[in-house]
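The structure under discussion appears below in the form of structure tokens.
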Amino acid sequence: MKNFRLFKTNDYEELSIQSARVFSGAVLSKPNGTFGFATGSTPEGMYKELVRLSNEGLVLFSGITAFNLDEYYPIAPSDEQSYSYFMAKKFFDLVGVPLSKRNIPGANNDPKIDCDLYEEKLASGDLIEMQILGIGTNGHIGFNEPSDTFPGRTHLVRLAESTIKSNAKFFKHPADVPKSAITMGVGTIMMAKRILLMVSGEAKAEILRDALTGPITPLVPASALQLHRNVTIVVDKAAAKYL
Ligand code: F6R
């Protein structure tokens, strides 16, 4: 399969441990580097494992600069449903990533300014060493939803109905899911030196096959990864069903 490095694991726990190995390896070789983070349910187990490795002193995260893929819009960083909150509670606070080195889109209330500022910040620093990605059941990466074109840079997006439905599990009432988000563009994501794509569960099996082996099309945003030269994919058995 193209240039992908594929790790097939048995279950979610193994997937989390294997992903943590890959990611911590990248951090160990560049302890002051810039790294790209994702939220959602898929990387949660990996973050737990990374926290364990950090607590054991096996890998240090205090020197890294972090850029997250996306954030709901509008949302306050203190909101428990925000991705800022997710990252703080599940990873950054626990491994000592300084506040000044955590970058998550949003916070200004003018989306155009927020998006431009985010791109400027990304462009003014080093390239992202490794970008963590999950995939939506509709093939989205970040919140780049299926569309007619591949969005280049960080932008405001209206979430697809299927994304709103999938993410309702994190909210008390489905109606509370924000309808918009700010996300790095596919072009922004493709700038990362390496990509770590994590995919778990049978619900993702078909779209993963389409993304990795089907035509490269913005209708399946993750298919753009076929054009990237350094993608590591960690899947569990269920997600690998059609590979
Ligand atoms: C999260 C993100 C999304 C998720 C995707 C899968 O920052 O950008 O693309 O990776 O929606 O979500 P889960 O892991 O909850 O299935």
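All ligand and atom numbering here is 1-based and tracks the order in the structure. The shown structure was predicted, so the numbers you read here are calculated from the model rather than taken from an experiment. The first residue of the sequence shown is numbered 1, and numbering continues consecutively from there.
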Fill in the blank from the handout: of all protein heavy atoms, closest to atom 16 (O) of ligand 1 is K204 NZ, 2.8 Å

Problem - Cationic N near anionic O, under 4.0 Å, K204 to D236 - result: no

Handout entry: Ring centre gap for Y72 and F171 strictly below 6.0 Å
Key = yes

Completion exercise
In this structure, atom 10 (O) of ligand 1 is nearest to the protein heavy atom G134 CA, 3.3 Å

Exercise for the section: Taking atom CE of M191 as the centre, report whether more than 12 heavy atoms of other residues, nucleotides or ligands fall under 6.0 Å from it. Expected result: no

Exercise for the section: Give the residue, atom name and distance (to 0.1 Å) of the protein heavy atom nearest atom 14 (O) of ligand 1. Expected result: T42 OG1, 2.4 Å

Practice task
Starting from atom 6 (C) of ligand 1, find the nearest protein heavy-atom neighbour and note its residue, name and distance.
Solution key: I135 O, 3.4 Å

Exercise for the section: Check whether any heavy atom of M198 sits under 4.0 Å from an atom of ligand 1. Expected result: no

Practice task
Could you check atom 8 (O) of ligand 1 against the protein and tell me its nearest heavy-atom contact, residue, atom and distance included?
Solution key: D70 OD2, 2.5 Å

Exercise for the section: Just jot down the ligand 1 atoms closer than 4.0 angstrom to any heavy atom of L69, in number order. Expected result: 8 (O)

Exercise for the section: For this output row, return yes or no: ring centroids of F170 and F86 closer than 6.0 angstrom. Expected result: no

Handout entry: Minimum non-hydrogen distance to atom 9 (O) of ligand 1, winning option of G40, G142, S166
Key = G142

Practice task
Determine whether M184 and L127 fall in the same hydrophobic cluster, where Ile, Leu, Val, Met, Phe, Trp and Tyr are linked whenever their side-chain heavy atoms lie under 4.5 Å apart.
Solution key: no

Practice task
Carefully, step by step, assess E49 and S16 under the rule side chain to side chain donor-acceptor pair (under 3.5 Å).
Solution key: CA-CA 7 Å; E49 175 64 6; S16 301; over 6 Å; no

Handout entry: Other ILVMFWY residues reachable from L117 by side-chain steps of under 4.5 Å
Key = I113

Handout entry: Salt-bridge contact E44-K48 (side-chain N to carboxylate O under 4.0 Å)
Key = no

Handout entry: Check: Y83 N/O within less than 3.5 Å of ligand 1 N/O
Key = no

Fill in the blank from the handout: Residue, atom and distance of the protein heavy atom nearest atom 5 (C) of ligand 1 read H140 NE2, 3.4 Å

Problem - For atom 1 (C) of ligand 1, closest protein heavy-atom neighbour - result: T39 OG1, 3.3 Å

